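Not measured: the values here are computed from a predicted model. Both counts, for ligands and for their atoms, begin at 1 and track the order of listing. Excluded from the calculations below are hydrogen atoms, water molecules and symmetry mates; all remaining heavy atoms, backbone and side chain alike, are included.
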Amino acid sequence: MNLDNKAREILRQNDKGGYTLPTHGLYPYQWNWDSAFAAWGFATFDLPRAWDEFDTLFASQWDTGMVPHIIFHEPDPGYFPGPDVWATGQSPETSGITQPPVAATLARQVWEMDKTAGQNRLAKLYPKMVAWHRWWHHVRCIHGPAAITHPWESGRDNCPDWDIGMAGVDGSGVGDYTRRDTGHVDPSMRPTKAEYDRYIAMVQFGVSVGWDQSRIVADGPFLMADPGITFILLRAHEDLIVLGDALGEDTTEIAGWARSLRAALPQIWNPDLKAYDARNLRDGQFAGVLGSGAFLAYLADAGNPDLNAQLARVWDAVQYGIPSADPQSPMFDPRKYWRGPTWPVVNALMAIGLRDSGRSDLEARLRRETAQLIQKHGFFEYFDPIDSTPCGGDDFTWTAAIWLTWAGNDLEQAKGAA
Ligand code: DGY
């Protein structure tokens, strides 16, 4: 089967009717940023279905404006931690944390594919996206850059960026539990038991304060500035302004959020590392590691010559795509989830930034290398950036989506010309 057809088939197979699973087995619910990518993918062949995906995601927005990271539509014993562990009391049940706010950026991509057809759908979605961004600004940007209260919020769950924050979390009292992720994929490609104990300890803290954000931010076990989310949010604010203007809305408030977030960028620039860097907001310490979140700076037009040099260094050290961690660091592990592998979905986000900042040669290289991985092995969750070994889950929604919207584009053109 040709890869375009296969990608569409994956989206259809993972479609649960209005929302899409990231993949069967490993992730049996609706995940926040996965869902926004699914919408982008659906938009290439079924625009109404793309807008439906945003609608089901935002239907579970909390009264506070937060959009949760998982929506537990139907019970599934194959996933841990499930709704009983999160105990958020939402209906349908959800987790108590959020995920990277890519929705406005990808909703803009979808809207631009057919502005006339999308206008009414966008008008319905827009105030919900504004409410989510307002939550980010008032709850999570109070220190300047965007803060996360759990590594899972970053979407880059176990990347080395979070090690200093994780070291301060006590996972010793979480009690017994059975992980399910390691039953679906090779455990050596997943986070460790010590990491999982700490993840669960953070969830238990949230439950103990009734998911009160002010208490989690003030006293929770983990609070770090995330360069990845900071750049994603900054870009998303700017995309939301474009969408708001198109709807005739007053976007002054959003422009203020974007200005103050941009003004906070020097706080996450580590002069010793010569790169953007995660920072522990409890004590100001920099993580001192170069992760893929730093390169999302291009998405928010926040690149600079030092960062360009770092990008060239880490990219040239591997064969395929931009690695999630620095290949020249002792922490680099090319098959371990976010500690080294290349992620097609992150490559696609970086590509938007590279293209928009005029680096079309780099964008083309990234597209070619990402396409090679998918052509060789299929639509996996992530890949070893040195020898291309496929890792994590297979038939992955967001890998299929970015094939249709971006990575497969060259091939489409080649076919068209043939
Ligand atoms: C998982 O279960 O691994 C997810 O990344 C948490 O959202």
Less than 3.5 Å apart, any donor N or O on the side chain of Trp406 or Glu363 sitting next to an acceptor on the other? yes
Could you tell me which residues satisfy side chain to side chain donor-acceptor pair (under 3.5 Å) with Gln61, sequence neighbours excluded, listed by chain and number? none
Do Ser292 and Trp343 meet the criterion of a side-chain donor-acceptor pair at a distance under 3.5 Å? no
Residues 202-210, side-chain donor-acceptor partners within the protein, below 3.5 Å, at least two apart:
unit_1, atom_1, unit_2, atom_2, d
Gln204, NE2, Val174, O, 3.2
Ser208, OG, Phe205, O, 2.6

Which atom of Phe222 lies closest to which atom of His150, heavy atoms considered: CD2-N, 3.7 Å
Quick check on ligand 1: any N or O pairs to the protein under 3.5 Å? One line per pair.
unit_1, atom_1, unit_2, atom_2, d
ligand 1, 2 (O), Tyr79, OH, 2.5
ligand 1, 3 (O), Arg190, NH2, 2.7
ligand 1, 3 (O), Tyr337, OH, 3.4
ligand 1, 5 (O), Asp157, OD2, 2.5
ligand 1, 5 (O), Tyr337, OH, 3.3
ligand 1, 7 (O), Trp31, NE1, 3.1
ligand 1, 7 (O), His69, NE2, 2.6

Partner set under salt bridge (Lys or Arg N to Asp or Glu O under 4.0 Å) for Arg282, not counting sequence neighbours: none
